[in-house]
Amino acid sequence: MANAQPLLSVRGVSKAFLGVSALENVDFTLKAGEVHALLGENGAGKSTLIKIITGAYRRDEGEVLLEGTPIFPRDVVDAQKLGIGTVYQEVNLLTNLTVAENLFLGREPKRFGLTDVREMNRRSRAILDTYGLNIDVTAPLANFSVAIQQVVAIARAVDISGKVLVLDEPTASLDAHEVEMLFAVVRQLRERGMGIIFISHFLDQVYDIADTITVLRNGRLIDTVPVAGLDRLKLVSMMLGRQLEADVKRTIDPNTAKAEPLVSLRGLGKRGNIDPLDLDIRQGEVVGIAGLLGSGRTETAQLVFGIERADSGTISVAGTPVNMSSPRKAISHGFAFCPEDRKTDGIVGDLSVRENIIFALQAQRGWMRPLSRSEQEALADRYIAALDIRTSDREKPIKFLSGGNQQKVLLARWLATNPRFLILDEPTRGIDVGAHAEIIRLIIDLCERGMALLVISSELGELVGYSSRIIVLRDRKMVSELTGDEISTEHIMKAIASHGATGEAA
Amino acid sequence: MKNSKYLPLLATFVVFVLAYVICISVFPNMLSTRVAGNLLTDNAFLGITAVGMTFVILSGGIDLSVGSVIAFTGVFLSVILRDTSIHPLAAFVIVLALTTAFGAAMGGVIFFLDMPPFIVTLAGMFLARGISYLLTTESVPITHPFYSTLQDLYIRMPGGGRLTLIAMIMLAVFAFGIILAQRTRFGTYVYALGGNLTSAQLMGVPVAKTTVGIYALSGFLAGLSGIVFSLYTSAGYSLAAVGVELDAIAAVVIGGTLLTGGYGFVAGTFLGICIQGLIQTYIVFDGTLSSWWTKIVIGLLLFGFIALQRGLMWMSERSARNMRHASAAQASSA
């Protein structure tokens with residue numbers, strides 16, 4: 001690049017929320033005519049950085065320079081005026097307005113003090129023409145596909161801002177064809193000399209469109225590297241932060257692998273969520289699911305538990321095909337599911353530890369057969385002791401417990417229903433080291449007592465530690481199934497980084 | 001596909017034409033400018049406040065206070081004209097300023113305290129009604145000569161019908177409302193708020209200003225409606241216009257505006273008013289039917305329209321899903 005001055009330059013930016021650091025001393029440089037991918041797993045600080053650049057948050061420290069001048073955007077609208085436009089995954093346009101109204105909202109051309117609709121439509125057509133989009137601009141935006149809505153959103157952002165364009169997971173709900181159409185637009189904007197920040201979980205897309213990659217992890221800058229010549233395995237290890245160190249594995253009884261599967265999935269899938277996959281889970285087995293964020297891990301769990309309905313394939317329990325159309329059905333087959341986001345999907349913060357523990361069991365029994373108070377108390381006390389839940393009192397509202405203890409209460413809730421098959425989605429996220437080890441010990445313990453478990457985790461080392469088998473997902477496909485000696489962080493990362501549709505053989 | 005947003009309006013229009021045809025086939029006399037003139041005059045106050053209600057509902061809100069504000073306006077005017085020598089025009093200006101400020105205050109509470117419009121305007125409804133009682137509990141006649149002058153203003157239509165001043169005011173308010181909704185930035189902002197508040201905010205819509213403006217407009221038009229109502233009845237009574245807010249909401253919904261906001265037209269509300277007026281006129285012509293039949297028919301129509309809106313939304317969701325691939329293919333080949 002000939003011009004020495006970067007378009008956008010972030011220097012030493014830090015941000016903390018309630019004393020918890022979300023971003024620490026991060027540098028980021030965007031050149032004109034560059035597509036710069038920003039990568040990182042959950043909690044890496046990507047969205048915090050983006051929100052600081054686009055004015056949604058204010059930085060605690062450091063500076064942001066746009067064309068060499070420090071900027072302090074007050075809000076998103078202010079950032080837009082400065083030249084930084086953003087397009088989100090969930091298109092933030094108004095589907096009840098026409099395409100033209102969306103493009104010109106707040107800056108409509110006027111004639112005699114009234115909106116000049118004809119002029120607005122004419123200019124809208126001209127703008128969209130430059131993107132090769134020939135659509136009826138007087139139709140409501142709701143009439144068009146998400147991909148076209150994305151392009152309209154980009155057109156608006158570029159027309160208003162015109163210097164920096166932030167694309168926050170724009171492809172998450174698009175199919176391959178639509179992604180190609182969107183990328184054509186992005187390439188065209190790069191030609192025009194705009195700086196584009198691209199956030200995506202799809203590595204193939206990043207390699208396809210980006211010139212430079214910046215990886216964040218745990219709020220810190222890991223590295224900024226050109227895409228050309230970047231080894232995928234190296235990229236994945238930068239994102240996940242695992243060096244190829246020796247794994248600690250537990251010894252697995254070879255006999256369990258021969259038993260009849262308790263749960264078998266055959267061609268189970270749902271369009272746009274996860275491609276059809278086959279999987280057997282036996283009693284006394286922990287099956288791990290590995291993959292990057294957005295690879296279809298949680299979606300798989302939701303299909304198995306009946307939260308989402310599969311549009312293909314079957315689920316069998318102990319050899320009998322079952323209809324898994326709702327979580328109630330799943331629970332009646334002895335399934336249990338601890339979701340990833342315990343704050344929104346799991347705990348009921350204002351209810352006591354006891355009430356949170358008896359929830360699922362009471363739901364299973366039905367309201368006609370309430371658990372007596374003494375039964376509830378006995379149950380709660382038993383699990384508080386068994387799982388070593390640290391609470392001063394079983395009647396304490398659960399929101400006052402630490403994350404790790406909340407997670408144990410959730411586990412207790414499901415264990416109380418005496419499940420045959422337990423699904424855990426990120427059971428160790430956001431909890432302290434001590435509780436972490438206890439949860440892992442508990443998983444191994446449950447497995448050894450004959451329960452079948454399906455565990456999703458981003459902590460590869462942890463997954464390798466307790467899994468009997470590991471399936472690896474990438475871009476909503478199962479790309480590999482690792483058994484026995486193949487189970488290692490190295491193999492998982494290779495599978496995640498592998499090219500093309502076919503993964504390596506298991 | 002493109003016209004799906006006009007479909008509820010079209011449905012309202014069809015219902016209106018059908019209702020009119022039925023009325024005329026039973027009572028051929030109803031096809032006259034006399035009847036039309038009376039219909040407009042009788043519903044003038046309702047129509048004016050329904051325009052304000054249309055904006056409120058388009059933005060995703062509701063205003064329950066308008067009936068009470070109409071009563072307050074009437075009582076205020078009658079009392080001030082009885083007790084002081086102030087000219088009615090000056091009184092009009094004062095009362096409009098009061099009701100506009102009242103609406104703006106409710107809009108402010110709704111936005112800044114982040115309260116549901118239902119509760120805030122319910123409080124406004126009690127407040128305005130209570131203040132009316134405080135002024136007087138009796139029906140106070142308005143005898144100012146200027147009122148007679150205004151009441152005698154009309155345009156004679158061919159066929160002998162009279163287009164009264166208050167009917168003309170209503171028609172003017174509708175014309176103003178249509179332009180405001182369709183041809184101004186404020187109008188687009190109102191639709192934007194009703195479409196998706198978060199998106200509107202991210203796209204730079206001044207949500208605070210617009211919310212306050214919408215309820216101020218509704219307050220202003222309720223005040224204007226109160227003035228028209230006092231011209232219509234020549235009195236102010238604190239028990240008047242009970243339930244008018246609900247009639248206005250009914251007219252808006254029958255007019256094809258989506259109760260959850262974002263879709264609809266001021267012109268549809270006009271048709272909604274005309275349909276309600278037609279039903280009343282039919283009952284008057286019949287002479288044997290109880291006037292409560294108006295409510296029954298309106299109730300059935302409301303059910304019908306809500307079902308229609310649901311059906312349309314369901315259909316458009318389905319077609320949007322089907323169109324996904326078609327339009328993607330079309331766009332990439334373009």
Side-chain angles (χ1 to χ4, degrees), chain A residues 54 56 75-78 80-81 86 88 90-98 101-102 104-108 110-117 120 128-129 131-136 138-149 151 153 156-157 160 174-175 177-182 184-185, chain B residues 1-7 58-60 176 178-207 209-210 257-258 260-264 312-313 316-317 319-334:
Chain A
T54 59
D75 51 33
V76 179
V77 178
D78 197 29
Q80 277 175 9
K81 284 188 198 131
T86 315
Y88 304 90
E90 299 300 330
V91 189
N92 272 293
L93 293 181
L94 293 153
T95 53
N96 61 326
L97 301 185
T98 68
E101 282 169 337
N102 270 293
F104 283 96
L105 184 73
R107 52 197 192 103
E108 298 87 351
K110 299 243 164 184
R111 202 158 159 244
F112 310 123
L114 298 179
T115 305
D116 186 347
V117 176
M120 186 168 80
L128 292 181
D129 259 355
Y131 295 91
L133 206 58
N134 187 13
I135 57 174
D136 179 4
T138 64
L141 191 69
N143 287 8
F144 300 101
S145 68
V146 178
I148 290 183
Q149 294 185 18
V151 175
R156 177 182 161 89
I160 293 177
L174 306 186
D175 64 28
H177 193 81
E178 293 171 322
V179 169
E180 213 23 71
M181 165 185 149
L182 190 74
V185 169
Chain B
M1 222 32 81
K2 175 194 163 180
N3 295 327
S4 69
K5 79 171 183 175
Y6 297 108
L7 220 71
L58 276 177
S59 78
F176 163 79
I178 289 170
I179 292 172
L180 188 65
Q182 301 302 319
R183 286 289 180 276
T184 68
R185 188 167 293 171
F186 175 79
T188 316
Y189 285 165
V190 172
Y191 281 94
L193 290 196
N196 184 331
L197 197 61
T198 318
S199 293
Q201 226 147 9
L202 282 172
M203 286 173 82
V205 173
V207 179
K209 245 202 276 181
T210 310
T257 297
L258 198 63
T260 47
Y263 291 93
L312 280 177
M313 264 162 64
S316 71
E317 271 162 26
S319 70
R321 236 177 295 144
N322 293 342
M323 270 187 66
R324 241 182 92 103
H325 290 269
S327 57
Q330 165 213 332
S332 61
S333 63

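Since this is a predicted model, take the numbers as computed values, not measurements. Order of the sequence lines sets the chain letters (A, B, ...), proteins ahead of strands, with each chain counted from 1.
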Point to revise | Any side-chain heavy-atom pair of Gln149(A) and Asn102(A) under 4.5 Å | key: no

**Study point:** Set of side-chain contact (heavy atoms from CB on, under 4.5 Å) partners for Val76(A), sequence neighbours left out
**Key:** Ala56(A), Gln80(A), Tyr88(A), Leu202(B)

Practice item. Indicate yes or no: at least one non-hydrogen side-chain atom of Leu193(B) is less than 4.5 angstrom from one of Val207(B). Key: yes

Practice item. Against chain B, label Thr86(A) side chain, backbone, both or neither, depending on which of its atoms sit under 4.5 Å from a heavy atom there. Key: neither

**Study point:** Side chain proximity check, Leu141(A) to Leu97(A), heavy atoms < 4.5 angstrom
**Key:** no

Review point. Are Asn196(B) and Met203(B) side-chain neighbours, meaning at least one heavy-atom pair lies under 4.5 Å?
Key: no

Practice item. Against chain B, label Lys81(A) side chain, backbone, both or neither, depending on which of its atoms sit under 4.5 Å from a heavy atom there. Key: neither

Review point. What residue in Asp75(A), Leu94(A), Asp78(A), Thr98(A) has the most heavy-atom pairs under 4.5 Å with chain B?
Key: Leu94(A)

Check your understanding: What option among Thr115(A), Ile160(A), Asp116(A) has the most heavy-atom pairs under 4.5 Å with chain B?
Key -> Thr115(A)

Point to revise | Heavy-atom pair count under 4.5 Å with chain A, highest-scoring of Ala192(B), Pro206(B), Gly204(B), Ala200(B) | key: Ala192(B)

Review point. Among Lys110(A), Glu108(A), Arg156(A), Glu180(A), which has the most heavy-atom pairs under 4.5 Å with chain B?
Key: Glu108(A)

**Study point:** Region of Leu180(B) that comes under 4.5 Å of a non-hydrogen atom in chain A
**Key:** neither

Check your understanding: Is there side-chain contact between Phe144(A) and Thr95(A), with heavy atoms separated by less than 4.5 Å?
Key -> no

